[in-house]
Engineer: 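Structure provided below as structure tokens; questions to follow.
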Amino acid sequence: MCVTGPTGERTPIDGEDRVLGPGEPSPRLRAVLTEAFRRGDEPGRPVPLQVSLPYALLGFPVDEWRLPHDGPQLGEQRPVVVRCADLPFPGPAPEQEPGHERGHEHGHEHGHERGLPRHTRWSALHTGPMRPDLLDCAGNHPAPLPTPAALGGRPPETVPVLCRTSTPGGDPEALRHVLAAGYDVVLWRREISARELTCTDFHGQVTRTVTGVRRAGALPTAVWRLRAQAAAEAPEAEWSRGLALLYADPGHATGYDDDPLEIP
């Protein structure tokens, strides 16, 4: 666990690489988090928590940890986002696969099919406005992802949204393909209950959320607000249960519109 200074430098407080489960951070880790938040939180402005996880654990619900153990979930208390710690993504997507016409998939102009540098996408998303793109669901059923070249050819303001990766017929590697295509801001559903198999509400609400905040730097706070509302059983936020946000500045350890966790 580190605190991050205003120029991005990181100073270790303490740390531990062992946890007991989604709802049970160890006593030592609990103490580390408590100290980090004590240093950085201000009234009405809790510092965000960014968790670096190996790809295989990106779905780990860190936002469901409770601090204190009988208190609210972390995702109710503050913005909680994840980033991928172990995949060496090159940035631009691979060349167009044979059999697909270059530059015309999904109506995008020629010239995008090789993909964009990650920093170009990051900058465009933080300038806004963002454009959500539901990639793996159509007609309430899993749909195949676009080709790697088509993924890389999306406009730079695109925010990929994955709806069906956790359902039968969904692509469990969809998130990997999206990250490999050069995206560092991604929304996805970790799980879908039987009553939510109709996705119309999720599609409409996630689209309104992304377009409503306009810039990527506001997404961590927007997701935090949704989690807090869902925990309070607000009907208008029910669609957001299980929503995860990958938010990873490709050039720095952290990157938020909100202040980073700073050493006082």
Engineer: Taking the side chain as C-beta and beyond, is there a heavy-atom pair between L179 and C84 under 4.5 Å?
Structural biologist: yes
Engineer: For the pair R30 and E35, find out whether any cationic side-chain nitrogen is under 4.0 Å from an anionic carboxylate oxygen.
Structural biologist: no
Engineer: Is any side-chain heavy atom of W188 closer than 4.5 Å to one of L175?
Structural biologist: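 L175 vs W188: side chains touch.
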Engineer: Using only atom types and a distance under 3.5 Å, with no angle test, would you say the side chain of S123 pairs donor to acceptor with the backbone of H119?
Structural biologist: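 No, the answer is negative, given that no donor and acceptor are paired below the 3.5 Å cut-off.
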Engineer: With heavy-atom distances below 4.5 Å as the criterion, would you say the side chains of P155 and R131 are in contact?
Structural biologist: yes
Engineer: Check Y247 against H126 and note the closest heavy-atom contact, atom names and distance.
Structural biologist: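 Between these two residues, the closest heavy atoms are OH-NE2, 2.6 Å.
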Engineer: Would L135 and L246 show up in the same hydrophobic cluster when neighbours are defined by side-chain heavy atoms closer than 4.5 Å?
Structural biologist: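 As far as the 4.5 Å side-chain criterion goes, L246 and L135 are connected within one cluster.
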Engineer: Check V47 against G40 and note the closest heavy-atom contact, atom names and distance.
Structural biologist: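 Minimum heavy-atom separation between V47 and G40: CG1-O, 3.3 Å.
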Engineer: Please examine the side chains of P132 and T211, heavy atoms only from C-beta on, and report whether any two atoms are closer than 4.5 Å.
Structural biologist: yes
Engineer: What's the separation between atom CZ in F60 and atom CG in L53, rounded to the nearest 0.5 Å?
Structural biologist: 7.5 Å
Engineer: As a test of understanding, state which of V210, L162, L134 forms a side chain to side chain contact (heavy atoms under 4.5 Å, CB included) with L187.
Structural biologist: V210
Engineer: Roughly how far, to the nearest 0.5 Å, is CZ of R66 from CD of E64?
Structural biologist: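 Spacing of CD (E64) from CZ (R66) equals 8.5 Å.
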Engineer: With a 4.5 Å cut-off on side-chain heavy-atom distances among I, L, V, M, F, W and Y, is there a chain of contacts connecting F37 to V51?
Structural biologist: yes
Engineer: Rounded to the nearest 0.5 Å, what's the gap from CD on Q229 to CD on E236? Could you check?
Structural biologist: 5.5 Å
Engineer: Using atom types as modelled and distance alone, determine if a side-chain donor or acceptor of R164 lies under 3.5 Å from a backbone N or O of A143.
Structural biologist: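 Looks like no, no N/O pair under 3.5 Å.
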Engineer: With rounding to the nearest 0.5 angstrom, report the CD to OG1 distance, E173 to T165.
Structural biologist: 10.5 Å
Engineer: Grab the two heavy atoms, one from Q50 and one from A248, that are nearest each other, plus how far apart they are.
Structural biologist: NE2-CA, 4.2 Å
Engineer: For the atom pair CZ (F202) and SG (C137), what is the distance rounded to the nearest 0.5 Å?
Structural biologist: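 Output value for this atom pair is 9.0 Å.
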Engineer: Between T34 and L67, is there a side-chain heavy-atom distance shorter than 4.5 Å?
Structural biologist: yes
Engineer: Could you go through the side chain to side chain contact (heavy atoms under 4.5 Å, CB included) check for R227 and V80 one step at a time?
Structural biologist: CA-CA 10 Å; R227 287 169 175 162; V80 179; 3.7 Å; yes
Engineer: Compare every heavy atom of C199 with every heavy atom of R189, then report the nearest pair and how far apart it is.
Structural biologist: NH2-SG, 3.6 Å
Engineer: Can you tell me how far apart CE (M130) and OG1 (T158) are? Round to the nearest 0.5 Å.
Structural biologist: 11.0 Å
Engineer: So, does W224 use its side chain to make a donor-acceptor pair with the main chain of E76 at under 3.5 Å?
Structural biologist: yes
Engineer: May I have the step-by-step check of side chain to side chain contact (heavy atoms under 4.5 Å, CB included) for D133 and V159, ending in yes or no?
Structural biologist: CA-CA 6 Å; D133 194 351; V159 176; over 6 Å; no
Engineer: If you apply the rule side chain to side chain contact (heavy atoms under 4.5 Å, CB included), what do you find for L245 with V185, and how did you get there?
Structural biologist: CA-CA 7 Å; L245 172 61; V185 179; 4.3 Å; yes
Engineer: Using modelled atom types only, decide if a donor and an acceptor are shared between the side chain of T147 and the backbone of A150 within a distance under 3.5 Å.
Structural biologist: yes
Engineer: When the aromatic ring centroids of Y55 and H177 are compared, is their separation below 6.0 Å?
Structural biologist: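 Between H177 and Y55, which both carry aromatic rings, the centre distance is not below 6.0 Å.
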Engineer: Ion pair present between D184 and R83, side-chain N to carboxylate O less than 4.0 angstrom?
Structural biologist: no
Engineer: Hey, is the main chain of Q205 close enough, under 3.5 Å, to the side chain of T209 for a donor-acceptor pair?
Structural biologist: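 Confirmed, T209 side chain pairs with Q205 backbone.
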Engineer: Restricting to non-hydrogen atoms, name the atom on A181 and the atom on L151 that form the minimum distance, rounded to 0.1 Å.
Structural biologist: CB-CB, 3.8 Å
Engineer: Measure centre to centre between the rings of W122 and Y183, then say whether the value is under 6.0 Å.
Structural biologist: no
Engineer: According to a 4.5 Å side-chain heavy-atom criterion applied to Ile, Leu, Val, Met, Phe, Trp and Tyr, with indirect links allowed, do L125 and V206 form part of one hydrophobic cluster?
Structural biologist: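 Same cluster.
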Engineer: Which atom names give the shortest non-hydrogen contact between R78 and P46, and what distance separates them?
Structural biologist: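 R78 and P46 have their closest heavy atoms at NH1-CB, 3.6 Å.
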Engineer: Using modelled atom types and a 3.5 Å cut-off, is there a donor and acceptor pairing between side-chain atoms of E238 and backbone atoms of P235?
Structural biologist: no
Engineer: Applying a strict under-4.5 Å side-chain criterion to I, L, V, M, F, W and Y, I'd like to know whether L49 and V82 cluster together.
Structural biologist: yes
Engineer: Output, in order, the C-alpha distance, side-chain angles, deciding distance and verdict of salt bridge (Lys or Arg N to Asp or Glu O under 4.0 Å) for D63 and R190.
Structural biologist: CA-CA 12 Å; D63 54 283; R190 289 192 295 247; 2.8 Å; yes
